[in-house]
Amino acid sequence: MLVGGCHSGAGGETTPPQDAGATDAPVAQHDSGLQDAPGEAPVDADMAPPMPVPLVVDLGGPKLTAPRVVTVSFSNDDPTLLASLQSFDDTITTTAWWTAVTSEYGVRQGAAGTHVVLPMAAASGYTDSVHGGDSSVRQLVQAFVADGTLPAPDAQTLYVLYFPAGTILRLDGISACAPPGGTGWHDSVTVSLPDAGTSTDVAYAVIPRCQSDLGAMTLAASHEIVESATDPSPENAPAVQMTDPAWLAFGPEVADVCVAVDTNLSTPVGPYLVQRSWSNASAQAGHDPCVPVPAGTPYFNVAPAMGTEELGLSVGQSATFAVYAVSDGDAGTWQVQPVVTNGSSSLLVTLDRTTVAAGGHALATVTLQSAPTLGPTEVYGFVSQANGATYARPMLVQAK
């Protein structure tokens, strides 16, 4: 889900300032099997080991195990663009990309649905809510299912609603396409079928027209389609989600959490662009957790010492801990910098070095300088950059 989860950009997209004066301090060889980076001397042998990447979990909600995508559009939209979007929806759940991003969660290939152009122009604006508020989007879906305009849904149906340029969409008051919104969302809604009013739940996805080029549209749609399949009712009956609190600033679902770690998220599928998505298997193997992984590119990042990903600090209190450099290939050296979400002045985060290599580490010091202004938590992270690639590791401070 995008809107409300700040998905229009990744934390790693902010290029951190370079610390030209930083020097390399001694680095420990850790008894977990990590090797010291070349030229680095060992320090404390009892340092806590690196924390593994957390995994998404299946919370037991329903899934669309063989989704049938129904493309829904309006009579005043661009017919050429719509034809391409309809073709995309017809085929995307049968591709190798789909298998890569869904198969480990019990979702298999889907089947082509139908295309419905609603017999009306889109209104100037629509609302939606995942918290029980006003929703003209849900009312629209319910009305067109009830009168038979939309095909009667079953347990595998997903209505993907494409709204034309100029239509303003808001989710719980947050505008799509403008910060802090994003480029789409999804949920489920209870509808009454034409046959004597039998009620059922159906998944739907909302794709605003933030950009009018095909690549931007399919990138947004792929994000929502994969999340609709693995977590069609994220608020009321959650299925596959991340539960680690440090990773939730961008949202809990499989496409969301990749925005927190990787900035190179688009990949081509034929003439379309789609988003890479979270894989527990890849994360557990020490690779980039967002698949498909680009060929020939080593993954590099940092991992905080165990027990430090979520710190509890009082105002004025500091904590110092190791941040380990990890890679699945020959990544050489890279730059690592702390970034505090939204530039908050409540946190001061420093590193004793800004250049690392796999097997080495930096020492981070985090100080809660003042009470957080937006709730009891502050989100920050460490951003690793080299050769045009950027990865990030989110972290969290809980004010005591």
Side-chain angles (χ1 to χ4, degrees), residues 1-12 52-67 69 92-93 95-110 130 156 158 160 182-188 203-207 218-267 269 273-285 287-294 299 391-394:
M1 187 176 296
L2 289 177
V3 167
C6 306
H7 297 82
S8 55
V53 175
L55 305 177
V56 297
V57 296
D58 191 336
L59 299 174
K63 302 172 191 172
L64 307 184
T65 55
V69 178
I92 194 58
T93 64
T95 62
W97 168 82
W98 182 257
T99 299
V101 298
T102 64
S103 60
E104 66 187 89
Y105 306 119
V107 175
R108 58 187 186 275
Q109 292 193 340
V130 295
Q156 301 297 335
L158 169 63
V160 179
T183 53
W185 64 86
H186 73 94
D187 206 350
S188 62
Y204 69 95
V206 173
I207 312 299
T218 59
L219 190 63
S222 67
H223 180 119
E224 300 307 327
I225 291 171
V226 67
E227 290 186 345
S228 295
T230 55
D231 192 30
S233 187
E235 299 292 329
N236 295 325
V240 179
Q241 292 191 3
M242 175 69 73
T243 58
D244 187 289
W247 292 68
L248 299 183
F250 293 91
E253 298 176 289
V254 290
D256 294 337
V257 288
C258 277
V259 179
V261 69
D262 199 333
T263 59
N264 179 26
L265 289 179
S266 65
T267 190
V269 173
L273 286 179
V274 296
Q275 188 190 310
R276 296 164 54 215
S277 190
W278 188 271
S279 164
N280 279 347
S282 189
Q284 287 179 306
H287 304 311
D288 190 330
C290 302
V291 297
V293 176
Y299 171 68
Y391 301 99
R393 182 67 182 251

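Values reported hereafter were calculated over all heavy atoms of this structure, with side chains retained and with hydrogens, waters and symmetry mates removed.
- A distance-only check finds no donor-acceptor pair linking the side chain of Ser266 to the backbone of Leu273 [under 3.5 Å].
- Between Val261 and Pro289 the shortest side-chain heavy-atom distance falls below 4.5 Å.
- Taking the side chain to side chain donor-acceptor pair (under 3.5 Å) definition, one finds that Ser233 meets it with Ser188, sequence neighbours left out.
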**Q.** Evaluation steps, side-chain contact (heavy atoms from CB on, under 4.5 Å), between Asp262 and Tyr299
**A.** CA-CA 10 Å; Asp262 199 333; Tyr299 171 68; 5.7 Å; no
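- Considering only heavy atoms from C-beta on, Ser279 stays 4.5 Å or farther from His287 through its side chain.
- Asp187 contributes atom CG, which lies 6.5 Å from atom CG of Asn236 (distance to the nearest 0.5 angstrom).
- Counting only heavy atoms from C-beta outward, the side chains of Trp98 and Val226 approach each other to under 4.5 Å.
- If you run side chain to side chain contact (heavy atoms under 4.5 Å, CB included) between Ile225 and each of Thr218, Leu158, Thr102, Ile207, only Leu158 comes through.
- The shortest non-hydrogen separation linking Trp278 to Val53 is CH2-CG1, 3.4 Å.
- Of the possible polar contacts, none joining the Asp231 side chain to the Pro238 backbone as a donor-acceptor pair under 3.5 Å is found.
- Using a 4.5 Å cut-off on side-chain heavy atoms (C-beta onward), Thr65 and Arg108 make contact.
- Heavy-atom minimum distance, Val291 versus Ser282: CG1-CB, 3.8 Å.
- Here the straight-line distance linking atom CG of Leu248 with atom OG1 of Thr243 works out to 7.5 Å at 0.5 Å rounding.
- Heavy-atom minimum distance, Met242 versus Leu55: SD-O, 3.7 Å.
- Atoms CG and OG1, from Leu219 and Thr267 in turn, are 10.0 Å apart once rounded to the nearest 0.5 Å.
- If you take CG on Leu265 and NE2 on His223, they are separated by 9.5 Å, rounding to the nearest 0.5 Å.
- When all heavy atoms of Pro292 and Ala100 are compared, the pair lying nearest together is CG-CB, 4.3 Å.
- Counting only N and O atoms by type, the side chains of Glu253 and Thr230 include no donor and acceptor under 3.5 Å apart.
- Side-chain atoms of Trp97 come within 3.5 Å of backbone N or O of Gln275 as a donor-acceptor pair.
- Put simply, the side chain of Asn280 gets close to the backbone of Val56: a donor and an acceptor are under 3.5 Å apart.
- Under a 3.5 Å cut-off, the side chain of Gln156 and the backbone N or O of Ala66 do form a donor-acceptor pair.
- Under the 3.5 Å distance criterion, the side-chain polar atoms of Arg276 are matched with a main-chain donor or acceptor of Asn264.
- In terms of heavy-atom proximity, Ser277 sits nearest to Cys258 at C-SG, 3.4 Å.
- Among all heavy-atom pairs drawn from Ala239 and Lys63, the shortest one is CB-CG, 4.2 Å.
- Legend: residues meeting salt bridge (Lys or Arg N to Asp or Glu O under 4.0 Å) with Arg393, ordered by chain and number and at least two apart, are Glu309.
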